[in-house]
There are 2 protein chains.
Amino acid sequence: MLPRKPLDPWLEPPSSLVDARVGAHFCLTCAFSEACIAGGYDKPEQAELHCLVEHAGPFRGGEYIFRTGDPFRSIFAVRTGAVKTSVVDKDGREQVLGFYLPGEVIGLNAIYPDRFPCNAIALETVHFCRFSFPAMSALAARMPAVQQRLFRLLSKELGMASLLAGDHSADVRMAAFLTDLAHRYAVRGFSGTQFHLSMSRGDIANYLRLAAETVSRVLSRFRTQRLIELEGRELLLLDPDGLRELGQSLLSR
Amino acid sequence: MLPRKPLDPWLEPPSSLVDARVGAHFCLTCAFSEACIAGGYDKPEQAELHCLVEHAGPFRGGEYIFRTGDPFRSIFAVRTGAVKTSVVDKDGREQVLGFYLPGEVIGLNAIYPDRFPCNAIALETVHFCRFSFPAMSALAARMPAVQQRLFRLLSKELGMASLLAGDHSADVRMAAFLTDLAHRYAVRGFSGTQFHLSMSRGDIANYLRLAAETVSRVLSRFRTQRLIELEGRELLLLDPDGLRELGQSLLSR
DNA sequence: CGGTGCAGTTGATCCTGATCAATACACCGT
DNA sequence: ACGGTGTATTGATCAGGATCAACTGCACCG
């Protein structure tokens, strides 16, 4: 049980926070925001961009957005909810590759093989903006800003992939994971110290290449060290700097 | 000591093989081959492309091609030799991110931060083709084929990054590593069963997130299992299928 | 020549995190 | 209320690989 005082911020659950911002601010924090709404483009070009955007969803928790091997036609920007991507090796074991939060883009690793190389599964109810990729790359050919945005998105994801590389201790991995999540929420305009873990302990463990039991233990340890408070999946970072410090060797890239 | 009979192939060292092919076939196997020489483009466009290519090197083993934080201006295609990329965390420990063989491209992960996020270090004498990235992306805007090639290269590298993810045993990692190397050599027109390991045991260990001692032990084990023959850094795959089988859980992506 | 330094191999021991197992708890439909 | 199911936590034991250490082979060099 958590003490009563620090619980106060949770009396307004994060989900309401999310909902409140979605309508007003989503597009501003989306990875394509500049392309979609920012000025600087001519009106006709903006119109073209909006033509290739299409809203998709909702998908309920557990539903597949796409599956390994599906033909690649579109990339997805998460509007609300959260998504995990994963592959299943031939022995049937799942490998979680990543989590995607509102404003983030899924599907870029499908460009090369021209098929989705992984599954994307909703962790909770999810809405998307769907961008037709052929249309988008055609547009990119005429709008350098769009092309550059795509290059940068791809390159950025490349940098992210090395986050879980490295032989670091369970504590370091977890600290880096929480700090990364917090940062990503903060960038999108959500609280960077208090948020909901959309994924199960098992998914976290799988992503960090740990056992679920180890995840539990590390989180318990963090709690006794007063680094975090945690009730179920509601997380409060008590000492973000301490966590960042702990995970620094993973985050410095 | 290796038995005399199986050593025969090594009487002609791989390096001569490399040299023989470089002049004639390099461009054909380079990641940019289609862009650089393939037909289908108009002559003026080809001329433009050749304008932005510039030969660089040689760099001797141990020399830096670029360093973390250097401003990003060009991407590099390896012509001869081999390169490792690595980052150094704040405690001064090196983390090897990848190895690059002839025909492969370095520097794509620098697009987003606009600075190189890692060091690139020659493992042996290296020559490059250097492509100005601003010029290249400008060209991409006019030549859809170039744009698509860049997208695909980026996306492909994205898929590669997950090779060393996953909690696999030392044997599996090593088998997957050797199989991957063999495949990449084969794709570029070199022998896929017999090649030179340009990197030290320490670098391999670092890349695979193992201790150097473990690398030694695994390689010894592979040797007694008649999967490979190994003398110094000269490698012969005796049972490529066996190795592939062993590493399959890592390679299936 | 012996000296020095580095890369690699092999052996002995230790520790982190996986695995097996039991329990607690929330949520569900009947 | 009752199981039934899925998720999370905690404890006990075990093993794979890290670490420490000794030793070899080899290149380089004064």
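Note that this is a predicted model, so its numbers are computed, not measured. A, B, ... follow the sequence lines: proteins, then strands. Residue 1 opens every chain.
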task: Can you check each nucleotide of nucleotides 10-19 of chain C against protein heavy atoms at under 4.0 Å and return B for base, S for sugar-phosphate only, - for none, in 5' to 3' order?
output: BBB----SSB
statement: Tightest non-hydrogen contact, residues A:L230 and A:R223, listed as O-NH1, 3.2 Å
task: Write down the atom of B:F116, the atom of B:F76, and the distance for their closest heavy-atom approach.
output: CZ-CE1, 4.2 Å
Would you list the protein and nucleotides 26-28 of chain C atom pairs, both N or O, that sit under 3.5 Å from each other?
none

query: Looking at residues at least two apart in the chain, or sitting in another chain, which of them share a salt bridge (charged side-chain N to carboxylate O under 4.0 Å, His left out) with B:R184?
result: B:E104, B:D180
Smallest separation among heavy atoms of A:A82 and A:S198, with atom names: CB-OG, 3.5 Å
- prompt: Once you build an axis from the first five pairs and another from the last five of the helix from C:dC1-D:dG30 to C:dT30-D:dA1, how far apart in angle are they, to 10 degrees?
  reply: 30°
statement: Sorted by chain and number, sequence neighbours left out, side chain to side chain contact (heavy atoms under 4.5 Å, CB included) with B:Y112 holds for A:R152, A:S155, A:K156
message: Using the salt bridge (charged side-chain N to carboxylate O under 4.0 Å, His left out) criterion, which residues pair with A:R60? Sequence neighbours excluded.
response: none
- line: Minimal heavy-atom distance between B:I65 and B:A122, with the atoms involved, is CD1-N, 3.4 Å
- request: List for me each residue that meets side chain to side chain donor-acceptor pair (under 3.5 Å) alongside B:T68, sequence neighbours excluded, and say none if there are none.
  value: B:N119
Nucleotide interval of DNA chain D bounded by contacts with chain A (heavy-atom cut-off, under 4.0 Å): D:dT7 to D:dA12
Those residues that, when tested against A:R217, pass side chain to side chain contact (heavy atoms under 4.5 Å, CB included) (two or more places apart): A:E213, A:R221
query: Under 4.0 Å: is that the gap between some side-chain N or O of B:R201 and OP1 or OP2 of C:dG8?
result: yes
field: Nearest heavy atoms of B:G103 and B:R188, plus distance in Å
entry: O-NH2, 3.3 Å
field: Residues which pass side chain to side chain donor-acceptor pair (under 3.5 Å) with A:T193, listed by chain and number, not counting sequence neighbours
entry: A:S191
task: Go through the structure and list residues passing salt bridge (charged side-chain N to carboxylate O under 4.0 Å, His left out) with B:E94, not counting sequence neighbours.
output: B:K84
- prompt: When the distance from CZ of B:R233 to P of C:dA7 is rounded to whole Å, what number comes out?
  reply: 8 Å
field: With A:N109 via side chain to side chain donor-acceptor pair (under 3.5 Å) - residues at least two apart
entry: none
